[in-house]
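The figures here come from the full heavy-atom set of this structure, side chains too, leaving out hydrogens, waters and symmetry mates. These figures come from a predicted structure and were not determined experimentally. Here is how names work: the chains are called A, B, and so on, in the same order as the sequence lines, proteins then strands, and each is numbered from 1.
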Number of protein chains: 2
Amino acid sequence: MHVRTLCLGILSFCDKSGYDIRKLAADGNFSHFCEASYGSIYPALAQLTEEDLVTFEVVALDGKPPRKVYSITQAGREALFETLQIPPGPDRFKSEFLFYSLFADKLPSNEFRKLLIRKISETKEKLSGLRHAGEVCDHGPSSFALGYGIAMNEAVLEYLEGFLVKFDSHQGDGFFDQKNSDLNQTELSDAR
Amino acid sequence: MHVRTLCLGILSFCDKSGYDIRKLAADGNFSHFCEASYGSIYPALAQLTEEDLVTFEVVALDGKPPRKVYSITQAGREALFETLQIPPGPDRFKSEFLFYSLFADKLPSNEFRKLLIRKISETKEKLSGLRHAGEVCDHGPSSFALGYGIAMNEAVLEYLEGFLVKFDSHQGDGFFDQKNSDLNQTELSDAR
DNA sequence: CAAAAATATATCAAACCGATATATGCTTAA
DNA sequence: TTAAGCATATATCGGTTTGATATATTTTTG
């Protein structure tokens with residue numbers, strides 16, 4: 001999905017500035033399934049303006065820097081719902097933490113434990129943010145999306161906490177030591 | 001994390017061609033937490049070769065096109081473990097499905113139900129792939145990463161199936177109809 | 001037997017991220 | 001108090017990545 005579409009989608013709910021859109025995608029109610037940076041949002045809004053899919057009004061507040069508040073046009077709504085006809089692509093999940101964990105047995109065992117602890121507390125934070133948003137929200141579809149994120153993060157938290165217990169019960173005896181140390185080939189080659 | 005690091009990481013386990021690396025990241029045991037396309041992998045391998053972090057050997061098999069099989073060097077291993085000193089960034093999750101679902105109440109109700117059904121079957125497929133990989137795998141860290149993916153996808157499946165039941169028990173009466181139809185502002189503006 | 005899919009390398013435009021520049025007001029701690 | 005840091009706000013730019021495409025051969029499938 002293009003950032004164009006994300007902008008149209010957000011603006012279909014209410015008027016927003018580029019700054020606001022970025023906040024929603026980075027910290028707000030969209031952040032658990034979307035991402036977009038200034039470097040893609042501002043050009044996208046400029047392009048959408050040229051195509052008359054959005055318009056903007058400069059709002060100069062006393063004090064604060066002036067805002068460009070964007071609104072979606074009728075043509076914009078049509079373009080959005082046209083895009084929604086195309087079936088959505090698959091979910092995408094990227095985890096640097098899991099990549100790092102692949103080398104858990106090559107790191108000092110304390111190092112991996114630290115990563116685990118940190119991940120657990122990050123997950124708890126994420127979870128409490130999502131739960132709070134879920135309590136406040138009374139827009140059905142948004143609640144559905146928040147629930148999805150909560151379910152996912154609860155599962156992750158449970159998994160990590162369970163693992164930590166197992167890990168700690170093997171104090172210092174190399175939890176990850178390979179039973180068969182010569183399977184580097186087989187373990188990776190049989191992919192698909 | 002850069003594709004460079006992904007390549008070094010995979011090559012630290014065993015020798016691979018660019019094609020193999022891409023398969024691992026797209027369909028294989030890495031695909032549930034990594035992603036990389038040819039357009040980033042081949043340039044990365046070329047760059048790593050120039051820096052003597054990897055070497056390659058051209059293997060011409062009878063029939064099949066020739067392969068460039070890459071191996072990590074000692075300098076490459078050192079560079080990899082140097083990178084692993086930097087704390088990992090946060091997990092990233094992107095879901096076009098969840099974005100689409102935000103407009104569930106603006107689509108014909110059948111449309112959203114179709115998306116749900118499709119997502120459920122995709123999740124089941126993903127899950128059976130991960131479970132199979134988990135059964136075969138006896139590398140501790142990889143099993144940990146697979147378990148993480150399994151836990152996540154199980155939670156998603158449970159959530160979606162539970163939701164489908166609730167959704168179907170409200171046949172045709174507009175499950176997502178807003179109780180308060182004028183809260184487009186509040187629902188989005190209170191982000192963070 | 002022909003069509004499609006898999007194997008394999010490689011490149012390119014378009015999209016996107018992350019960092020940075022610029023400017024102002026508000027909050028907070030030495 | 002006053003400097004530092006943070007939040008608000010727009011915008012651009014270099015470098016990374018994606019997704020599509022080109023090319024060529026073999027294997028599988030209908």
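To the nearest 0.5 Å, the span separating CG on B:Leu164 from CG on B:Asp168 amounts to 4.5 Å.
Between A:Lys68 and A:Glu57 there is no side-chain heavy-atom pair separated by less than 4.5 Å. The shortest side-chain heavy-atom distance between B:Leu8 and B:Arg77 does not fall under the 4.5 Å cut-off.
By the ring pair (Phe, Tyr, Trp, His ring centres under 6.0 Å) test, B:Phe103 is found to be paired with A:Phe13, B:Phe99, residues two or more places apart in sequence or in another chain being considered. Judged as a ring pair (Phe, Tyr, Trp, His ring centres under 6.0 Å), and not counting sequence neighbours, the contacts of A:Phe33 are A:Phe30.
Within residues 47-54 of chain A, no residue places a heavy atom under 4.0 Å from DNA chain D. In the region residues 82-95 of chain B, proximity to DNA chain D at under 4.0 angstrom, judged on heavy atoms, holds for none of the residues.
At a threshold of 4.0 angstrom between heavy atoms, the contacts of B:Ala36 are confined to the sugar-phosphate backbone, with no base atom among them.
Atom-to-atom, NE2 of B:His2 to C1' of D:dT18 comes out at 15 Å; the value is rounded to the nearest Å. Residue B:Phe56 contributes atom CZ, which lies 14 Å from atom C1' of C:dA8 at whole-angstrom precision. In this structure, A:Arg22 atom CZ and C:dC16 atom C1' are separated by 14 Å, rounded to whole Å. The distance between atom CD1 of B:Ile21 and atom P of D:dT18, rounded to the nearest whole Å, is 14 Å. One can place CD of B:Glu35 at 12 Å from C1' of D:dG19, the figure rounded to the nearest angstrom. The CD1-P distance, from B:Ile41 to C:dA8, rounds to 14 Å in whole Å. One interatomic measurement links the two molecules: CZ of A:Arg4 to C1' of D:dT18, which rounds to 18 Å at whole-angstrom precision.
Ring-centre distance between A:Tyr159 and B:Phe144: below the 6.0 Å cut-off. The ring of A:Tyr148 has its center no closer than 6.0 angstrom to the ring center of B:Phe163.
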Can I get a per-line list of side-chain donor-acceptor pairs under 3.5 Å for residues 45-54 of chain A, giving both atom names and the distance, sequence neighbours left out?
| residue | atom | partner | partner atom | Å |
| --- | --- | --- | --- | --- |
| A:Gln47 | NE2 | A:Glu51 | OE2 | 3.0 |
| A:Thr49 | OG1 | A:Leu45 | O | 2.7 |
| A:Glu51 | OE1 | A:Arg4 | NH1 | 3.4 |
| A:Glu51 | OE1 | A:Arg4 | NH2 | 3.4 |
| A:Glu51 | OE2 | A:Arg4 | NH1 | 3.0 |

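The shortest non-hydrogen separation linking A:Pro88 to B:Leu115 is CD-CD2, 3.5 Å.
Heavy-atom neighbours of A:Gln85 CD from other residues, nucleotides or ligands within 6.0 Å: above the threshold of 12.
Donor-acceptor pairing under 3.5 Å is lacking for the side chains of B:Asn153 and B:Thr123.
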Practice item. Mark up nucleotides 7-15 of chain D, 5' to 3', with B wherever a protein heavy atom is under 4.0 angstrom from a base atom, S wherever such an atom reaches only the sugar-phosphate, and - elsewhere. Key: -BBBBBB--

